[in-house]
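I'd like to ask some things about the structure below.
Keep in mind that the numbers below use all heavy atoms, side chains included, and drop hydrogens, waters and symmetry copies. Quick note on labels: first sequence line is chain A, next is B, and so on, each numbered from 1. All of these numbers come straight from a predicted model, not from anything done at the bench.
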2 protein chains.
Amino acid sequence: MHKLAIYHLETLLWIARLGTFRAAAERLNTTQPAISARVREIESQLGLAIFRREGRGVVLTARGRQLVQDCEPLLAGLESALLEAGGHAGAAGVVRIAAGEIAAATCLPHFASAVRKDLPGVTLHIDLDLTARMLQNVLSGTRDIAFLAGPVASPGLRTARIGEVSLVWLASPETAAQGGLQAATPVWSIGEHSPIHRVTCESLQMAGLPVRAINTCNNVATMLGIVASGTGAALFPETMARPMMKSGALVECAPPPSSQICFEVAVRSNESDPVVLELFRRAAMFSIAG
Amino acid sequence: MHKLAIYHLETLLWIARLGTFRAAAERLNTTQPAISARVREIESQLGLAIFRREGRGVVLTARGRQLVQDCEPLLAGLESALLEAGGHAGAAGVVRIAAGEIAAATCLPHFASAVRKDLPGVTLHIDLDLTARMLQNVLSGTRDIAFLAGPVASPGLRTARIGEVSLVWLASPETAAQGGLQAATPVWSIGEHSPIHRVTCESLQMAGLPVRAINTCNNVATMLGIVASGTGAALFPETMARPMMKSGALVECAPPPSSQICFEVAVRSNESDPVVLELFRRAAMFSIAG
DNA sequence: CTGAATTAATAAGAGTTTTTTATGCATAAG
DNA sequence: CTTATGCATAAAAAACTCTTATTAATTCAG
């Protein structure tokens, strides 16, 4: 009937999602002329204008939008059927992951090795980023899945809690010996919008300590190094600090707060790619155990 | 994700329906090695044995059957969406039509020209055949649509009445002048299983004539020539005889029977190809007018 | 049991698509 | 007005799919 392949329609979907041929080309790991050619092919095969060239961009025509809407669930169903048939062994492609630093350090090593083992055809592209940008990228389709700390909720986003990590007040052994948290100066924390920052403030208040000027650093690993060098104390996720606690570079300098940091995975709520959904499912399930 | 195209899955469906690679190759207008290659491609992409090579043929594995079942409605939906998007202008491919001789002469010229006009991409392959074989071919997937005379019903078939044609008793002018039907010898009719044959017998009985030995000929056009040459009389569909009545080669030799021959179109009831279904719809609708 | 016929796999070459690379043109933004 | 962005186009390169022959295995018939 047609010479149209699945990737022609997939191309259509991604142009519709991302808005431009260029973006779709990047998402699909190919070049913009290739996208142009595919669209031209579809339009000629169907005898139908799917895009209106407007200004320097393109917009879907009414019929084009209709076609995209009709095709999306069917395409998702097809890929899902193909995937299930092969027991997910045939899953292949690039999945773009966004992760916050803490979630990355805590969850990603385990997750990545599980993916490599069970879904060898799947390649992960991981970018560390701030929560706000991550969510934006996931919503816009630039990223497929986000691993992040702290509860997030947004229309258009589907999230699943994947676990918690305890927080511990740490300082270098010297600093701790000189009076613990009470005497530690300064207190470090990561940026305003992190859930750790909130717990830090709460902890200080509950300990009857003044919420002094708090130094911030947007990178936990760096902060670990700073504190270990004897400069102040900070509240760290236990998982990230464990190696330095073991080695004695850092020691607890105050009772741990009762609050924990919770981790979540997020995908677009209308995500239809079965590979992405399968990865989401696995992330949500496996991390409970891990 | 995959390099699989729609036609890969379509190939799978047709192999499943027809049972052999060869038959699928014929149905899809290609060669058997091409089918082999497509299957090999699918199996390697999915990492899954879809067919078990058994003896000199192949049979679906359990997973293969599951895949086929999952894909069929999705594929049908996709093609339907594509077709609707293009306002059916993009409809293309070969549709195999089986027709009885009378239905062919009465309905097909009109139908074919309508198809050529509205769905220029669609090619018709028409084979005239006997009713029984036609139905068998439609059920087995060798033919897509059948045009036939007389009511048929079968599980697995969907039919729609498309019109009636009157029957007339005709003979050559000489034979008619010599006493009409009463004197005409012999009476001709087409094969036992035709609805015309039944009406012929009924007519003779109601006219008080003995149901004499009836000559048969399985081809109406030929029978028209025989009767026109002055040999006996026969009951003809009015539409087919009209030209010879106009030219005076044949004349009525008895009052027409009240019974009519009704025409039907038939498709497999689980037909999923949107092009075939669209043609069926058009056949059923347009012929009421025609 | 042998020979003919049917069915699928394989190999090589031909032909067609599809992609890439490079470029041009139009539009929007600074 | 200049720069940057986004799509279209052209030609060459790369990739893919089909066809034609041929082989191997199996079934069926005499």
Side-chain angles (χ1 to χ4, degrees), chain A residues 1-46 48-61 64 68 92-94 140-142, chain B residues 1-46 48-61 64-65 68 82 90 92-94 121 140-142:
Chain A
M1 170 175 175
H2 345 270
K3 292 179 310 168
L4 296 187
I6 293 176
Y7 66 79
H8 282 116
L9 300 175
E10 210 155 34
T11 301
L12 226 55
L13 291 192
W14 278 107
I15 300 171
R17 282 189 192 133
L18 302 178
T20 71
F21 285 20
R22 277 197 74 78
E26 276 178 32
R27 182 61 180 76
L28 295 169
N29 293 314
T30 182
T31 61
Q32 171 263 315
I35 301 292
S36 280
R38 292 180 189 177
V39 171
R40 191 174 346 114
E41 183 66 17
I42 302 174
E43 290 187 326
S44 83
Q45 286 286 317
L46 262 49
L48 163 69
I50 296 174
F51 294 99
R52 192 154 20 88
R53 276 64 178 173
E54 187 141 298
R56 67 182 176 186
V58 292
V59 288
L60 277 169
T61 62
V68 166
V94 176
S140 73
T142 310
Chain B
M1 170 175 175
H2 336 272
K3 293 178 311 169
L4 295 186
I6 293 175
Y7 67 79
H8 281 115
L9 300 175
E10 209 155 34
T11 301
L12 227 54
L13 291 192
W14 279 107
I15 300 171
R17 283 190 191 132
L18 302 178
T20 71
F21 285 21
R22 276 197 76 78
E26 276 178 31
R27 181 59 180 77
L28 295 169
N29 293 316
T30 182
T31 59
Q32 170 263 314
I35 301 293
S36 279
R38 292 180 189 177
V39 171
R40 189 173 349 113
E41 184 64 18
I42 302 174
E43 291 186 325
S44 84
Q45 286 285 318
L46 263 50
L48 162 70
I50 295 174
F51 294 99
R52 192 155 17 89
R53 275 63 177 175
E54 188 141 296
R56 66 182 177 188
V58 292
V59 289
L60 278 168
T61 61
R65 186 169 303 279
V68 166
L82 292 175
V94 176
S140 74
T142 310

Atom-pair distance (CD on A:Gln32; P on C:dT18), nearest Å |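 Between P of C:dT18 and CD of A:Gln32: 17 Å.
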Closer to the 5' end of DNA chain D via nearest nucleotide, is it B:Glu54 or B:Ala34?
-> B:Ala34
Nearest-Å distance for atom pair CD/P, residues B:Gln45 and D:dT17 = 9 Å
Under 4.0 Å between a side-chain N or O of A:Ser36 and OP1 or OP2 of D:dA8?
-> yes
Considering only side-chain heavy atoms of A:Arg53, which listed nucleotide, D:dT9, D:dC7, D:dT19, is closest?
->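 Nearest to the side-chain atoms of A:Arg53, counting from C-beta on, is D:dC7.
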From the list D:dT9, C:dA8, D:dC7, which nucleotide is the closest neighbour of the side chain of B:Phe21?
-> C:dA8
Check every atom of C:dT19, C:dT20, C:dT7 against the side chain of A:Tyr7 and return the nucleotide holding the closest atom.
-> C:dT19
Of the nucleotides D:dC7, C:dT18, C:dA8, which has the atom closest to the B:Thr20 side chain?
->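 Of all the options, the side chain of B:Thr20 is nearest to C:dA8.
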Between D:dT9 (P) and A:Glu41 (CD): distance, integer Å =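 Rounded to the whole Å, the gap is 14 Å.
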Looking at the side chain of A:Arg22, which of D:dC7, C:dA9, C:dA22 is the nearest nucleotide?
->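 Looking only at side-chain atoms, A:Arg22 lies closest to D:dC7.
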Starting at CG of B:Leu4 and ending at C1' of D:dT17, how long is that distance when rounded to a whole Å?
->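 That distance rounds to 14 Å.
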Atom-pair distance (CZ on B:Arg38; P on D:dC16), nearest Å |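 About 16 Å, once rounded to whole Å.
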Minimum heavy-atom distance between A:Ala16 and A:Val68, given as atom pair plus value |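 In this case the closest contact between A:Ala16 and A:Val68 is CB-CG1, 4.0 Å.
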Has the side chain of A:Arg56 got a donor or acceptor that lies under 3.5 Å from a partner of the other kind on the base of D:dT5?
->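 Answer yes: a donor N or O sits under 3.5 Å from an acceptor.
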Looking at B:Trp14 and B:Gly141, what are the two nearest heavy atoms and their distance?
->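 What the structure gives for the nearest pair is CZ3-O, 3.7 Å.
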Side-chain N or O of B:Thr31 less than 4.0 angstrom from OP1 or OP2 on D:dC18?
->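 Answer no for this pair, as no side-chain N or O of B:Thr31 is under 4.0 Å from OP1 or OP2.
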So, is B:Arg40 close to the C:dA8 phosphate, meaning a side-chain N or O under 4.0 Å from OP1 or OP2?
->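 So the side chain of B:Arg40 is outside the cut-off, no N or O lying under 4.0 Å from OP1 or OP2 of C:dA8.
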Whole Å only: how far is the CD atom of B:Glu43 from the C1' atom of C:dA8?
->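 That distance rounds to 12 Å.
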Measure the CD1-CG distance between A:Ile42 and A:Leu9 for me, rounded to the nearest 0.5 Å.
->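 One gets 6.0 Å once the value is rounded to the nearest 0.5 Å.
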Of A:Ile35 and B:Val58, whose closest DNA chain C nucleotide lies nearer the 5' terminus?
-> B:Val58
Expressed in angstrom and rounded to an integer, what is the separation of B:Phe51 atom CZ from C:dA9 atom C1'?
->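 About 15 Å, once rounded to whole Å.
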To the side chain of A:His8, which of D:dC7, C:dT18, C:dA9 is closest?
->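 Side chain of A:His8 sits closest to C:dT18.
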Nearest 0.5 Å please: distance from the CD atom of B:Glu26 over to the OG1 atom of B:Thr20.
->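 The OG1 atom of B:Thr20 is 8.0 Å from CD of B:Glu26, to the nearest 0.5 Å.
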Contact summary for A:Phe51 and A:Glu43, nearest pair of heavy atoms = N-OE2, 3.1 Å
Using whole Å, report how far CZ of B:Arg52 lies from P of C:dT7.
-> 19 Å
